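Heads up, the thing below is written out as structure tokens.
This structure is a prediction, so every number in the text was calculated from the model and none was measured.
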Amino acid sequence: MVSRHPIISVMTICLLLASCRSFASTSPTPFDQTPLEPDPASEPTSLPDTPTPAPDYVTRIRNAEYQLGLTDGLRIVQLTDGKFEQGSPGGVDSISVTVTDFAARGDLNGDGFDEYAAMIAENYGGTGAFVFLVVFADVNGKLVFQTSILVDDRPLLKALSIADGEVFLDATTHSSDDPMCCPTLKTERHYRLVNNHLRMTDYVTFTPDDRPRTITIESPVNGTEVFRSVPIKGSVAIAPFENNLVYRIYDLGGVELAIGSISVSAADLGALGRFEQTILLGNILSGTVIRFEVQDVNAEDGSLFAMDSVELVVK
């Protein structure tokens with residue numbers, strides 16, 4: 001039921017070491033709510049500026065047990081009104097956990113029952129606030145921690161929602177050149193719950209003039225059965241450096257099985273591009289479910305510009 005976190009990237013480790021902490025976020029509409037249709041015959045029962053009460057599940061999240069994300073060993077703490085505090089501020093044993101105003105509900109594993117997503121920040125006495133996307137499940141009427149994944153130190157959160165079995169997150173995070181106080185990299189991404197782990201299924205960043213860097217895999221689609229090879233076809237909104245993308249193949253446990261390059265055809269540097277290539281699968285065993293990712297990688301620092309993925313079944 002309780003999962004461990006994937007290995008944190010080198011860039012993330014640098015963020016953790018260099019961080020100096022003051023968590024900030026924007027203040028959009030925080031909760032994933034569907035407005036009711038108004039009744040023309042009814043009179044308003046509250047003033048227009050009366051705040052909308054938070055959904056009941058938000059209160060339950062704010063008082064659930066939570067597994068810390070940055071401790072060496074497994075440690076679960078009890079949240080009370082969205083907080084957990086230990087030690088004195090700045091002390092060696094200082095821990096502060098804060099549930100942000102971003103939460104959503106929806107079915108993430110296809111069992112017909114809702115899971116609950118939230119953004120939760122951890123502080124360990126410095127100036128950083130390490131924000132995790134967290135998933136809870138309702139187990140016999142109690143919200144139980146399932147898994148979490150680190151997003152960034154002090155991201156600017158904009159939107160969180162659940163639809164079509166995936167979590168959507170809109171957040172501005174740090175690029176490699178950003179000071180820790182001030183993230184500037186606008187991102188959008190989706191996560192899917194796979195074997196009780198959160199896996200990012202797509203990722204979009206934006207250029208300084210606000211053009212989205214997107215990759216779209218047109219075929220094959222999720223669930224396709226493949227044999228000795230994968231015929232991959234799709235498009236990119238902005239052609240990558242030297243017109244080369246990277247593909248990576250993982251099993252559902254996150255183990256990398258293969259890596260290679262995909263060529264893009266584009267009329268000009270940074271223009272719309274297309275790719276179509278057949279990727280040999282090598283010795284991947286029959287019956288293996290694989291995640292096939294196509295990535296646009298920043299040649300300067302190895303960070304992601306964009307990514308799309310599909311899950312395939314090897315026959």
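For the pair Arg213 and Phe305, the cation sits on the ring face: its NZ or CZ lies under 6.0 Å from the ring centre, inside 45° of the axis. The cationic atom of Lys186 (NZ for Lys, CZ for Arg) lies less than 6.0 Å from the six-membered ring centre of Phe206 and within 45° of the ring axis.
In this structure, the ring of Tyr66 has its center no less than 6.0 angstrom from the ring center of Phe84.
You'll find the side chain of Glu293 reaches within 4.5 Å of the side chain of Arg291, heavy atoms only.
Closest of all the heavy-atom pairs between Lys83 and Ser96 is NZ-OG, 3.7 Å.
Judged by distance alone, with hydrogens and angles left aside, the side-chain atoms of Glu276 form no donor-acceptor pair with the main-chain N or O of Ser263 at under 3.5 Å.
Using modelled atom types, one finds a donor on one side chain and an acceptor on the other under 3.5 Å when comparing Ser175 with Asp178.
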Inset, instruction - Apply side chain to side chain contact (heavy atoms under 4.5 Å, CB included) to Thr214 and Val236, showing your working. - result: CA-CA 6 Å; Thr214 60; Val236 293; over 6 Å; no
Inset, instruction - Report the C-alpha separation of Glu122 and Leu68 in whole Å, then their side-chain angles, then the decisive distance to 0.1 Å, and conclude whether the side chain to side chain contact (heavy atoms under 4.5 Å, CB included) test is met. - result: CA-CA 8 Å; Glu122 299 181 16; Leu68 296 175; 4.2 Å; yes
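Of the candidates Asp308, Asp296, Thr187, Tyr203 forms a side chain to side chain contact (heavy atoms under 4.5 Å, CB included) with just one, namely Thr187.
Distance check, rounded to the nearest 0.5 Å: CZ of Phe275 to NZ of Lys233 gives 10.5 Å.
With salt bridges taken as basic N to acidic carboxylate O contacts below 4.0 Å, one links Glu256 and Arg248.
Around the CZ atom of Arg274, the shell of radius 6.0 Å holds more than 12 heavy atoms that belong to other residues, nucleotides or ligands.
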